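Note that the structure is predicted; figures quoted are calculated from it, not measured.
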Amino acid sequence: VLEWYTEKYYKVYTLVLHGNAGLGKSPLAMSLMQSIAMDISQDGTERPFFVMVKTIESLREAFANSCLKNGVGIIFDDIEPSKVRGTRSGSTIEDLKALCEVTTATSIHSRYRDIQLDENEPRIFTANAKEPCEWHSDLPEDVWMTSDAIRAKYDMNIKAVFKRTCFAFVEHSVVAQNLRDEHDVKRRRSV
């Protein structure tokens with residue numbers, strides 16, 4: 001994860017932070033994206049920012065408000081793209097391929113009007129998934145255990161998703177327990 005940030009791999013790859021709930025994936029994503037926003041801010045007149053969405057459909061509002069633009073990162077928080085959300089069907093593997101494309105501009109299918117994503121919009125997904133196949137149901141099981149020969153036979157869209165994505169499995173809390181406890185105490189006092 002640090003290499004993804006320090007070596008500026010965010011200009012090429014989408015990061016997927018996945019693992020059990022409560023381990024600090026979202027705060028880590030926000031910290032990383034804030035640092036990236038400061039690094040790639042292109043206009044000294046505007047305060048660097050990023051966009052955080054809880055559903056893919058909410059990108060439409062960010063797009064309509066001109067928040068999605070070159071140099072502005074996107075965090076897809078707690079999103080498993082293939083799952084049905086309300087009346088919206090899950091994203092196809094083709095949609096996911098476009099969502100993970102950072103190096104060129106792309107369009108995401110959306111009801112009523114497609115969403116345009118620009119190049120140089122770093123992306124991070126967080127998900128409560130142990131494996132990539134739990135993050136998106138079209139991704140194969142045991143992808144890290146299979147042979148190169150089997151992976152070579154995957155559908156081209158599956159290969160494209162893996163080509164555009166860095167997966168980081170979060171096994172332990174990224175924030176020390178004493179800091180989490182202090183934060184909870186401060187939070188309760190402020191209410």
Side-chain angles (χ1 to χ4, degrees), residues 1-40 48-56 58-59 71-83 85 90-91 93 95-104 106 108 117 119-148 150-151 154-155 157-180 183:
V1 172
L2 286 176
E3 189 175 338
W4 179 82
Y5 168 65
T6 59
E7 299 299 320
K8 301 186 187 299
Y9 286 123
Y10 56 79
K11 292 184 176 208
V12 182
Y13 302 107
T14 293
L15 177 64
V16 179
L17 297 170
H18 63 103
N20 283 331
L23 298 178
K25 296 181 301 291
S26 296
L28 175 59
M30 289 187 287
S31 295
L32 285 167
M33 202 56 84
Q34 183 60 39
S35 295
I36 291 167
M38 300 295 286
D39 288 351
I40 63 176
F49 68 97
F50 61 86
V51 173
M52 185 170 185
V53 296
K54 299 282 187 179
T55 66
I56 294 171
S58 56
L59 280 176
V72 175
I74 306 168
I75 298 175
F76 298 88
D77 189 44
D78 201 17
I79 292 180
E80 295 170 10
S82 60
K83 288 193 176 176
R85 298 286 302 237
S91 297
I93 196 74
D95 293 335
L96 184 60
K97 179 176 75 172
L99 275 171
C100 294
E101 177 59 60
V102 178
T103 60
T104 60
T106 189
I108 306 300
L117 297 178
E119 64 181 312
N120 194 29
E121 289 179 343
R123 295 172 201 155
I124 300 175
F125 280 85
T126 66
N128 296 334
K130 290 183 182 177
E131 297 289 336
C133 64
E134 293 176 20
W135 177 58
H136 193 284
S137 60
D138 287 345
L139 296 177
E141 291 183 32
D142 301 324
V143 67
W144 311 129
M145 304 300 196
T146 58
S147 68
D148 290 343
I150 291 173
R151 284 195 292 265
Y154 288 163
D155 175 83
N157 292 309
I158 291 170
K159 289 191 271 189
V161 168
F162 282 109
K163 178 181 160 187
R164 294 171 168 89
T165 310
C166 292
F167 288 88
F169 180 59
V170 180
E171 292 184 86
H172 307 287
S173 178
V174 296
V175 180
Q177 187 61 47
N178 64 324
L179 294 176
R180 295 172 75 185
H183 175 73

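The CG atom of L23 lies 11.5 Å from the OG1 atom of T126; values are rounded to the nearest 0.5 Å. The distance from atom CG of L15 to atom OH of Y5, rounded to the nearest 0.5 Å, is 13.5 Å. Of the inter-residue distances, the one linking L96 atom CG with I108 atom CD1 reads 9.0 Å to the nearest 0.5 angstrom. Considering CD1 of I158 and SG of C133, their distance stands at 11.0 Å, rounded to 0.5 Å. Rounded to the nearest 0.5 angstrom, F125 CZ and D78 CG are separated by 12.0 Å.
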Could you go step by step and tell me if L139 and I93 meet the side chain to side chain contact (heavy atoms under 4.5 Å, CB included) rule? CA-CA 8 Å; L139 296 177; I93 196 74; 3.6 Å; yes

Should T14 and L99 be marked as a side chain to side chain contact (heavy atoms under 4.5 Å, CB included) after you check the CA-CA gap, both sets of side-chain angles, and the distance that decides it? CA-CA 9 Å; T14 293; L99 275 171; over 6 Å; no

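Every pair passing salt bridge (Lys or Arg N to Asp or Glu O under 4.0 Å) that includes a residue from residues 123-137 is listed here, sequence neighbours excluded: E121-R123. Contacts classified as salt bridge (Lys or Arg N to Asp or Glu O under 4.0 Å) and involving residues 5-27 (residues at least two apart or in different chains) are not found.
For A176, the side chain to side chain contact (heavy atoms under 4.5 Å, CB included) partners at least two apart in sequence or on another chain are N178, L179. A search for side chain to side chain contact (heavy atoms under 4.5 Å, CB included) contacts involving Y13 returns W4, Y9, C166, not counting sequence neighbours. Qualifying side chain to side chain contact (heavy atoms under 4.5 Å, CB included) partners for T165, counting only residues two or more places apart in sequence or in other chains: V16, C100, V161, F167. In this view, E171 satisfies the side-chain hydrogen bond (donor to acceptor under 3.5 Å, both in side chains) rule with no residue, not counting sequence neighbours. Evaluation of the side-chain hydrogen bond (donor to acceptor under 3.5 Å, both in side chains) rule for S173 yields R180 as partners, not counting sequence neighbours. Partners of Y154 under the ring pair (Phe, Tyr, Trp, His ring centres under 6.0 Å) rule, at least two apart in sequence or in another chain, do not exist in this structure. Shown here are the salt bridge (Lys or Arg N to Asp or Glu O under 4.0 Å) partners of D77, two or more places apart in sequence or in another chain: K54. Listed by chain and number, the residues in a salt bridge (Lys or Arg N to Asp or Glu O under 4.0 Å) with D148 are R151 (sequence neighbours excluded). Residues satisfying the side chain to side chain contact (heavy atoms under 4.5 Å, CB included) criterion with V72, sequence neighbours excluded, are F49, V51, K69. By the salt bridge (Lys or Arg N to Asp or Glu O under 4.0 Å) test, K83 is found to be paired with E80, residues two or more places apart in sequence or in another chain being considered.
For W144 and F162, the gap between ring centers is short of 6.0 Å.
When every heavy atom of P48 is checked against every heavy atom of A37, the shortest pair comes out as CB-O, 3.5 Å. Closest of all the heavy-atom pairs between M33 and P122 is CE-O, 3.5 Å. In this structure, T106 and A98 approach most closely via the heavy-atom pair CG2-O, 3.3 Å. Closest non-hydrogen pair, A168 versus V1, comes out as CB-CG2, 3.5 Å. The nearest pair of heavy atoms linking I56 to S91 is CD1-OG, 3.4 Å. Between Q34 and F50, the closest heavy-atom pair is OE1-CE2, 3.6 Å.
Screening N120, I124, I36, L32 for a side-chain contact (heavy atoms from CB on, under 4.5 Å) with Y10, the sole residue that qualifies is I36.
With H18 contributing its side chain and A129 its backbone, the two residues share a donor-acceptor pair below 3.5 Å. For the pair W135 (side chain) and I79 (backbone), a donor-acceptor distance under 3.5 Å is present. Remark: side-chain polar atoms of E101 are paired, donor with acceptor, to backbone N or O of T103 under 3.5 angstrom.
The closest side-chain heavy-atom distance from I74 to L117 is below 4.5 Å.
The neighbour count for K163 NZ, taken as heavy atoms of other residues, nucleotides or ligands under 6.0 Å away, does not exceed 12.
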